[in-house]
Amino acid sequence: MGRSPCCEKEHNNKGAWTKEEDERLIKHIKQHGEGCWRSLPKAAGLLRCGKSCRLRWINYLRPDLKRGNFTEEEDELIINLHSLLGNKWSLIAARLPGRTDNEIKNYWNTHVKRKLISRGIDPQTHRCLNPSNKSPRNVSMQTDDIAMRNDIGFKVEEYSNCSSVEFLHPQINLDLSIRPPHLY
DNA sequence: AAGCACATCAACCGCCAGGCG
DNA sequence: TCGCCTGGCGGTTGATGTGCT
């Protein structure tokens, strides 16, 4: 016997959410709060599985979401965080209030990857794509980091020996404890 | 205007970890 | 301690939009 399905698939809607479904979900969560996603669809009168409701709420309906284009600052922050955390989209999203992991993941795959490749940087390793450049260190933030190091009077030799991400990215708060986005 | 290719992003799928009985 | 259930995560898909020929 395999796992039991997360929901009764045969009675569930799939695909894009309708305005009415959105309204039902919002209304229910406003009244009862988040949680118990499995029983939520039935309680809210939705023919969706709990997972789908959760995803819709988190990625689209939450009132604290910041819709619209990513700023240049967010862009660079995502690149820096990705160089430190890899594809840990939820952790990256936790550092970007109003942004969701799904949104960041999509943005990474459609915009940032291409941007890094055009800069000659491997988006996965954050190292130079050109093998003739044998610099072993993380290079996604080379230009910014050099400027940053100049600002703080840091010697290149010291930098190349440094393995502390906190030192490499002092602007990034690496406290990964969980708290609501508005508290960051 | 039509057809095609490419880009975007919402939503789904499957796996995993943690809580709980 | 074990097994089930649920929530959460990352990868992937597919529908839709947009630009180009």
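Scope of the values below: all heavy atoms of this structure, side chains included, with no hydrogens, waters or symmetry mates. Proteins come first, then strands; the chains are lettered A, B, ... in the order of their sequence lines, and each starts at number 1.
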ask   = Base, sugar-phosphate alone, or nothing: which one does A:Lys88 contact when heavy atoms must sit under 4.0 Å apart?
value = sugar-phosphate
ask   = Quick one: do A:Glu23 and A:Lys30 make a salt bridge, cutoff under 4.0 Å?
value = no
note = A:Trp108 atom CH2 is separated from B:dA7 atom C1', nearest whole Å, by 18 Å
task = Would you mind reading off the distance between A:Tyr60 atom OH and B:dC12 atom C1', rounded to a whole angstrom?
result = 17 Å
key: Where A:Glu76 and A:Arg119 come nearest, the two heavy atoms and their spacing   = OE2-NH2, 2.9 Å
query = Starting at CZ of A:Arg38 and ending at C1' of B:dG19, how long is that distance when rounded to a whole Å?
reply = 16 Å
query = Of the candidate nucleotides C:dG11, C:dG7, B:dC12, which contains the atom at the shortest distance from the side chain of A:Ser52?
reply = B:dC12
request  = Please state how far atom CG in A:Leu55 lies from atom P in C:dG10, giving the value in whole angstrom units.
outcome  = 12 Å
key: Distance, rounded to the nearest Å, where A:Lys51 contributes NZ and C:dG7 contributes P   = 10 Å
ask   = Are any of A:Trp89's side-chain N or O atoms less than 4.0 Å away from OP1 or OP2 of C:dG8?
value = no
message = In whole Å, I'd like the distance from the CZ atom of A:Arg54 to the P atom of B:dA10.
response = 16 Å
ask   = Just to confirm, is there a sub-4.0 Å distance from OP1 or OP2 of B:dC9 to any side-chain nitrogen or oxygen of A:Arg67?
value = no
Geometric class of the A:His126/A:Trp108 ring pair [parallel <30°, tilted 30-60°, perpendicular >60°] = tilted
ask   = Below 4.0 angstrom from OP1 or OP2 of C:dC9, is there any side-chain N or O of A:Ser90?
value = yes
remark   = In whole angstroms, the gap separating P of B:dA11 from CG of A:Asn109 amounts to 18 Å
message = Atom NZ of residue position A:Lys42 - does it have more than 12 heavy atoms of other residues, nucleotides or ligands inside 6.0 Å?
response = no
request  = Send over the distance from A:Ile58 CD1 to B:dA10 P, rounded to a whole Å.
outcome  = 14 Å
message = Suppose we call a contact any N or O donor and acceptor under 3.5 Å apart; does that hold for the side chain of A:Asn59 and the base of B:dA11?
response = no
ask   = If you look at every strand shown and take non-hydrogen atoms under 4.0 Å, does A:Asn106 touch a base, only sugar-phosphate, or nothing?
value = base
inquiry  = Are A:Tyr60 and A:Glu103 packed together at the side-chain level, in the sense that at least one heavy-atom pair is separated by less than 4.5 angstrom?
reply    = no
Given C:dG7, C:dG11, B:dT8, the nucleotide with the shortest approach to the side chain of A:Lys105 = C:dG11
